[in-house]
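As structure tokens, the structure follows; a few thoughts come after it.
This chain uses plain numbering: 1 for the first residue, then up along the sequence.
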Amino acid sequence: MSILSRPGLWSLITAAVFALCGAILTIGGAWAASVGGPLYYVILGLALLATAFLSWRQNPAAFQLFAVVVFGTVIWELTTVGLDVWSLIPRSDIVIILGIWLLLPFVARQIGGNRPATLPLAGSVGIAILTLLVSLFMDPHDISGKLPTQIVNAAPADGDNVPPGEWHSYGRTQAGDRWSPLTQINSSNVHNLKVAWHIHTRDLMTTNDPGETTNEATPIEFDNTLYLCSLHQKLFAVDGETGKVKWTFDPHLQINPGFQHLTCRGVSYHETAAGATDTDGNPAPTDCAKRIILPVNDGRLVEVDAATGLKCKGFGNDGEIDLRVPNQPYTTLGQYEPTSPPVVTDRLIIANGAVTDNGSIKQASGATQAFDVYTGKRVWVFDASNPDPNQLPDDQHPVFHPNSPNSWIVSSYDKNLNLVYIPMGVGTPDQWGGDRTKESERYAPGVIALNADTGKLAWFYQTVHHDLWDMDLASQVSLVDIKTKDGTTVPALYAPAKTGDIFVLDRRTGEPVVPAPETPVPGGAAPGDHTSPTQPMSQLTLRPKNPLNDSDIWGGTIFDQMFCSIYFHSLRYEGPFTPPSLKGTLVFPGDLGMFEWGGLAVDPQRQVAFANPISLPFVSRLVPRGPNNPLWPSKDAKGSGGETGLQHNYGIPYGIDLHPFLDPVLLPFGIKMPCRTPPWGYVAGIDLRSNKVVWQHRNGTLRDSMYGSSLPIPLPPIKIGVPSLGGPLSTAGNLAFLTASMDYYIRAYDLTSGKVLWQDRLPAGAQATPMTYAVNGKQYIVTYAGGHNSFPTRLGDDLIAYALPDQK
């Protein structure tokens with residue numbers, strides 16, 4: 001007799017499985033209920049234990065009892081989360097599997113089940129499966145609608161006058177719109193796109209690179225040539241038609257694993273106009289008629305002749321300037337890193353840089369500096385923490401103010417108003433502000449508008465008061481002239497924030513165009529600190545309407561979900577702006593924010609925008625000083641090399657432990673699954689005239705990874721909505737393009753509806769912003785698939801151009 005056919009074996013196995021599941025749910029459920037979680041886990045656990053007992057006794061009442069369990073689970077999940085398939089799966093998956101197991105003939109026979117006994121269970125399981133099937137066609141997170149198609153304005157309003165087929169700045173123009181007037185590729189033919197050329201930069205990660213190693217570059221294009229910076233800030237000039245590399249320039253970056261970032265988002269461009277002079281009134285030099293300005297992470301700006309790839313010798317010291325010396329208070333390599341292309345006016349380069357987050361109160365200054373584009377002479381500064389922010393260094397004031405707030409993303413420039421708009425962050429440390437001075441928070445975080453010629457303040461708008469959540473303004477702001485319903489034109493500025501709010505301001509004055517009323521928020525800061533009782537919250541927002549609750553908690557199975565619920569209730573959370581705490585605080589929107597550095601793609605003609613917000617909570621826990629968290633570093637201490645885990649915050653009472661809100665059951669196995677119900681990433685369409693979100697759809701699939709899984713788990717391309725890091729592109733062809741999601745695709749969307757019209761598989765992650773240009777009448781779409789080591793996606797070195805096939 002086979003061991004599998006022994007009498008009573010299957011009833012014993014069934015009893016053991018049900019008893020094990022029931023014990024886990026009963027113990028875990030009691031724990032969850034004790035901290036404020038749902039009672040259902042412990043009720044389900046007790047029911048499973050009872051079913052186990054009946055199965056062991058071979059009592060057919062097991063079928064009736066479990067039929068009630070399955071049906072009760074359906075009622076519980078529908079009243080908790082409704083018809084949302086991703087929320088239903090972990091609440092019913094184990095229950096359905098166990099129900100099907102009981103119904104298997106060889107199991108049912110040993111427990112005494114006949115057809116009448118098993119029929120109620122079969123009906124309950126059928127109802128549970130039918131509920132899941134129906135929910136596949138329902139998406140409560142989806143918003144359907146259509147953006148207006150009418151052309152309202154004829155042209156962008158920044159004054160750059162970029163030719164239609166070129167891309168001169170990070171956002172095409174310095175208005176930060178990420179929009180092109182090209183229409184050859186459009187919503188009716190985009191499905192025909194093919195790879196036109198594909199090259200490798202051969203600049204890959206090395207053992208000396210930090211954990212935050214990223215490829216985020218967007219090329220610029222003029223004279224049928226693309227200019228791109230690669231991982232180690234090597235500069236490439238690439239023929240726009242063939243992809244052939246014309247020349248390369250290596251700045252010989254100084255790097256070590258202690259850097260917090262290794263990033264180059266792009267380069268800037270300057271063309272010498274006829275009769276131009278430098279800031280001292282001298283005629284502009286005749287060499288380097290067209291210049292590429294390259295930011296280098298070791299603190300330098302380098303100017304290179306666009307035609308030859310050679311340094312512009314007359315700029316600074318042999319073609320480069322060092323933004324760290326002699327006026328930074330701390331000059332440790334990696335503390336101050338230019339990661340984004342600077343603003344360039346007719347005669348000035350206006351430069352910012354990233355300062356190490358959560359490192360120490362003894363940090364480099366985040367001062368903005370303006371230099372003569374021809375000579376490299378410093379013309380003005382804006383040092384936000386200095387009582388006189390425009391004070392130039394001198395013998396009595398040789399260095400900038402330590403730890404002054406910085407801006408690490410691209411600024412925008414309105415040539416007509418001659419104002420530069422700088423998205424500002426807060427000085428480090430980010431999560432504790434007990435020692436901050438009034439001056440240190442005077443211009444942080446928010447938007448600063450400065451006169452481009454003098455650096456004098458025009459206006460400032462603060463987006464977070466006394467920021468304790470690292471809610472720096474992370475996106476380039478977008479400038480667009482909005483024609484209102486009554487026919488008037490408002491020169492507007494759209495500032496997408498990590499909070500999910502989009503602040504809409506009059507860019508002449510900084511006054512809100514869309515109301516952002518002060519709203520009460522939670523109090524109760526850590527000892528020695530305080531909170532602001534209110535925060536501005538824009539009425540144009542993608543922020544979740546309600547705070548997180550148990551219906552938002554997720555897991556791969558009901559067990560994971562239960563432990564995520566315990567985790568959720570163990571943290572402090574009272575909605576947005578819950579202060580950091582010693583027990584740990586759930587921060588949502590999280591450290592990545594809902595809007596990161598990618599910004600918006602704004603169509604200035606139709607007055608609509610395309611966005612790709614993130615929806616991923618983080619956890620921050622203040623860590624008191626101790627043996628492994630000293631107040632000051634040892635002499636041989638190195639940089640953090642990243643922005644998650646324990647951040648030391650030297651010089652204040654606490655370090656900070658930062659990480660995403662992840663499933664604690666799967667994490668020890670290297671699987672990083674968010675504890676919040678998907679979607680974790682969207683695409684959205686916004687009408688800028690009515691300031692309404694018209695459509696919103698989950699974006700991206702599970703194909704390449706769960707959030708940060710270190711295990712190579714093959715997953716199907718199921719649309720779930722994954723985080724994205726990078727920006728969108730829109731065109732007058734009624735299209736938007738995005739490559740930033742955690743799955744490795746470039747996608748084209750119908751801008752009017754948000755429907756995906758085309759996609760293509762990429763060889764690596766593409767955490768960058770695509771761009772477009774035309775050569776000899778042919779339009780190309782280009783993306784840099786280089787990956788992001790801490791997001792994380794696979795790193796690569798692929799610059800890929802798409803175009804329509806030639807007509808025969």
Lys/Arg-Asp/Glu bridge criterion (N-O < 4.0 Å) met for [X], [Y]:
X: K311; Y: E320; answer: yes
X: D223; Y: K290; answer: yes
X: D506; Y: R508; answer: yes
X: D177; Y: R172; answer: no
X: D470; Y: K498; answer: yes

Measure up the F222 and Y269 rings against each other and bin them: parallel (under 30°), tilted (30 to 60°), perpendicular (over 60°).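 Parallel: the ring planes of F222 and Y269 meet at under 30°.
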In terms of relative ring orientation, are Y780 and Y773 parallel, tilted or perpendicular, with 30° and 60° separating the classes?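 Ring orientation, 0 to 90° scale: parallel.
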Backbone of [Y] reached by a side-chain donor or acceptor of [X] within 3.5 Å:
X: Q335; Y: A364; value: yes
X: W597; Y: L725; value: no
X: E221; Y: G240; value: no
X: S169; Y: G171; value: no
X: D467; Y: V464; value: no
X: Q260; Y: D357; value: yes
X: D414; Y: L479; value: no
X: S538; Y: T541; value: no
X: T277; Y: G275; value: no
X: S475; Y: V477; value: no

Considering all heavy atoms of both residues, which atom of [X] and which atom of [Y] are nearest to each other, and what is their separation?
X: A452; Y: W380; result: O-NE1, 3.1 Å
X: P770; Y: G727; result: CD-O, 3.4 Å
X: Q363; Y: V355; result: NE2-CG1, 3.4 Å
X: P393; Y: F400; result: CG-CE2, 3.7 Å

Donor-acceptor pair between [X] and [Y] side chains, under 3.5 angstrom:
X: N386; Y: H397; value: yes
X: D472; Y: W408; value: yes
X: R265; Y: T769; value: no
X: T263; Y: T214; value: yes
X: T279; Y: D372; value: yes
X: D750; Y: S187; value: no
X: S365; Y: N403; value: no
X: R442; Y: Q462; value: no
X: H168; Y: E271; value: no
X: N612; Y: S724; value: yes
X: R378; Y: Q369; value: yes
X: T772; Y: Q779; value: yes

Quick check: do Y227 and P219 have side-chain heavy atoms less than 4.5 Å from each other?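 With C-beta onward as the side chain, the pair stays apart.
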Can you find a pair of side-chain heavy atoms, one from R606 and one from N734, that are under 4.5 Å apart?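 Yes, side chains in contact.
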Test D481 against every option in V152, T489, N416 by the side-chain contact (heavy atoms from CB on, under 4.5 Å) rule and name the one that passes.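 Result: among V152, T489, N416, T489 is the only option passing the side-chain contact (heavy atoms from CB on, under 4.5 Å) with D481.
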Between R507 and L417, does the side-chain contact (heavy atoms from CB on, under 4.5 Å) criterion hold? Intermediate values first, please. CA-CA 9 Å; R507 65 179 186 268; L417 293 176; 4.0 Å; yes
Output the distance between atom [atom1] ([X]) and atom [atom2] ([Y]), rounded to the nearest 0.5 Å.
X: L228; Y: L294; atom1: CG; atom2: CG; result: 10.5 Å
X: S407; Y: I350; atom1: OG; atom2: CD1; result: 12.0 Å
X: R178; Y: Q476; atom1: CZ; atom2: CD; result: 4.5 Å

I'd like to know whether F737 forms a ring-ring contact (aromatic ring centres under 6.0 Å, His included) with Y749, so could you lay out the CA-CA distance, the side-chain angles of the two residues, the decisive distance to 0.1 Å, and finally the verdict. CA-CA 6 Å; F737 291 88; Y749 308 80; 8.4 Å; no
Going through the distances and angles, do L600 and F610 end up as a side-chain contact (heavy atoms from CB on, under 4.5 Å)? CA-CA 6 Å; L600 305 173; F610 180 96; over 6 Å; no
Before giving the answer on side-chain contact (heavy atoms from CB on, under 4.5 Å), spell out for T428 and T356 the whole-Å C-alpha distance, their side-chain angles and the decisive distance to 0.1 Å. CA-CA 8 Å; T428 197; T356 301; over 6 Å; no
Step by step, work out the salt bridge (charged side-chain N to carboxylate O under 4.0 Å, His left out) result for D687 and R689. CA-CA 6 Å; D687 182 348; R689 299 183 74 196; 6.0 Å; no
Report the C-alpha distance between R347 and D278 in whole Å, list the side-chain angles of each, state the deciding distance to 0.1 Å, and finish with yes or no for salt bridge (charged side-chain N to carboxylate O under 4.0 Å, His left out). CA-CA 6 Å; R347 297 195 296 178; D278 64 23; 6.0 Å; no
Between F503 and Y461, does the ring-ring contact (aromatic ring centres under 6.0 Å, His included) criterion hold? Intermediate values first, please. CA-CA 9 Å; F503 293 94; Y461 183 87; 5.6 Å; yes
Apply side-chain contact (heavy atoms from CB on, under 4.5 Å) to residues I422 and V447 and explain how you reach the verdict. CA-CA 6 Å; I422 305 174; V447 184; over 6 Å; no
Name of the residue among N418, T345, T173 meeting side chain to side chain donor-acceptor pair (under 3.5 Å) with Y413: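 Passing option: N418.
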